[in-house]
Each structure stands twice: as C-alpha cells, then as structure tokens.
Amino acid sequence: MDDEYVESVLSLVERIPPGRAMAYGAVAEVVGARLGRGGPRQVGAVMAAFGASVPWWRVVTASGRLPPGREVAALRELVAEGTPLVTDGTRVDMRHASWRPSADHEH
DNA sequence: ACCTTGACCTTGG
DNA sequence: CCCAAGGCCAAGG
C-alpha cells in the first residue's frame, strides 16, 4: 500500500458525516473506482495503521460490527453523535446509517 | 512460486 | 445468532 492509497482512504473517511457510517467494503468500492485496486481487507489494513487520525469509528463491517478491540471507544462516539444502532445497541444499524459520498466533488 | 495472515464479504446450514 | 467455506486483495516470509 502506497501513500496514494492510504491518503485516498483517509480523505474519504474524513468525509463521512457524524451519525452515519460506511462499511470497509463500501470504502473499498469508492477508492477502488478511482485507483483501480484494493479491497475491504486493504481498507482494514489502512484503518488499523492510520485510522487514529480520522473518525475511524464511522467505518464498520457490512453487518454493523465495530472494529475489533475498539468496541467500547467506538460505541461511546457513535452514541454521542446519534448513530442508528440495532436493538441490542452493540452494532450499527447499517440499513439506516449507511452513507455514500454524492457523485459531485470528485477530483 | 508457495504459503500465511489480515479492523473483510456473502452465502448456506 | 453462530460457524464454516470460498472468494477476495496485498504484503511478507
């Protein structure tokens, strides 16, 4: 993974609005459409290494599971910004929270 | 080149 | 809801 890929992922994550979320796979699709490479696992790798500098808690699994090892911290942020959660309150309700960047404002 | 390892995803039982 | 299997992409040994 080069800097271009890392930057692409991080800048996208920064654009996810509070109260919304994106799955690793969704991030991979958007970035992949631009750079022609990378999958969900690459996004996960970027988040693991550099996620600290962005709102990492807004990136979850396709089923709404929180990042391994950071569940507590993530939940605190998610609740604070009113992100839709499933009934048990342990996962994000991706049906309502899922966000995708609007087509405009590409570079 | 082969195998293993991941903040993954989808499907099927 | 949990688990296993297969598919996935890239890095590292």
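From a predicted model like this one, the values you see are computed outputs, not experimental measurements. Naming convention: chains lettered A, B, ... in sequence-line order (proteins, then strands); numbering from 1 in each chain.
The phosphate of C:dC1 has neither OP1 nor OP2 within less than 4.0 Å of any side-chain N or O from A:R65. Of the side-chain N and O atoms in A:R58, none sit less than 4.0 angstrom from OP1 or OP2 of B:dA7.
A:R70 pairs by the side-chain hydrogen bond (donor to acceptor under 3.5 Å, both in side chains) definition with nothing, not counting sequence neighbours.
Looking at A:S11, its side chain does come within 3.5 Å of a backbone N or O of A:S8 through a donor-acceptor pair.
Annotation: B:dA7 and C:dG7 have their P atoms spaced 22 Å apart (nearest Å).
Atom CD of A:Q42 and atom P of C:dA11 are 7 Å apart (whole Å). One can place CE of A:M94 at 11 Å from P of B:dT10, the figure rounded to the nearest angstrom. Between A:R91 atom CZ and B:dC9 atom P there is a gap of 13 Å when expressed in whole angstrom units. For the pair A:Y24 OH and B:dT10 P, the computed distance is 14 Å after rounding to whole Å. B:dC8 atom C1' lies 15 Å from atom CG of A:L66, rounded to whole Å. Taking atom CE on A:M22 and atom P on B:dC8, their separation rounds to 16 Å, with Å as the unit. As rounded to whole Å, 16 Å separates atom C1' of B:dA7 from atom CG of A:L75. Rounded to an integer number of Å, the gap from A:M47 CE to B:dC8 C1' is 13 Å.
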| request: Could you give me the CA-CA distance, side-chain angles and deciding distance for A:R34 and A:E4, then say whether salt bridge (charged side-chain N to carboxylate O under 4.0 Å, His left out) is met? | output: CA-CA 11 Å; A:R34 235 168 42 64; A:E4 181 183 36; 5.6 Å; no
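Side chain of A:P40, nearest nucleotide from C:dA10, B:dA7, B:dC8: B:dC8. Listed candidates were C:dA10, C:dC8, B:dA7. Nearest to the side chain of A:R41 is C:dC8. Among the nucleotides C:dC8, C:dA10, B:dA7, the one closest to the side chain of A:A48 is B:dA7. Checked against B:dA7, B:dC9, C:dA11, the side chain of A:T61 finds its nearest nucleotide in B:dC9.
Pair assignment for C:dC3: B:dG12, on the basis of Watson-Crick or G-U wobble contacts that are both within less than 3.5 Å. Summarising the base pairing, B:dC2 is matched to C:dG13 through a Watson-Crick or G-U wobble pair whose two defining distances lie under 3.5 Å.
Within a 6.0 Å sphere centred on CG of A:D3, other residues, nucleotides and ligands contribute 12 heavy atoms or fewer.
A:A62 comes within contact range of the sugar-phosphate backbone alone, with a heavy-atom separation under 4.0 Å but no base atom that close. Residue contacts for A:A23: at a heavy-atom cut-off of 4.0 Å it reaches the sugar-phosphate backbone alone, with no base atom in range.
With A:R58 as reference, A:E81 is the one residue of A:E81, A:E14, A:E77 to meet the salt bridge (Lys or Arg N to Asp or Glu O under 4.0 Å) rule.
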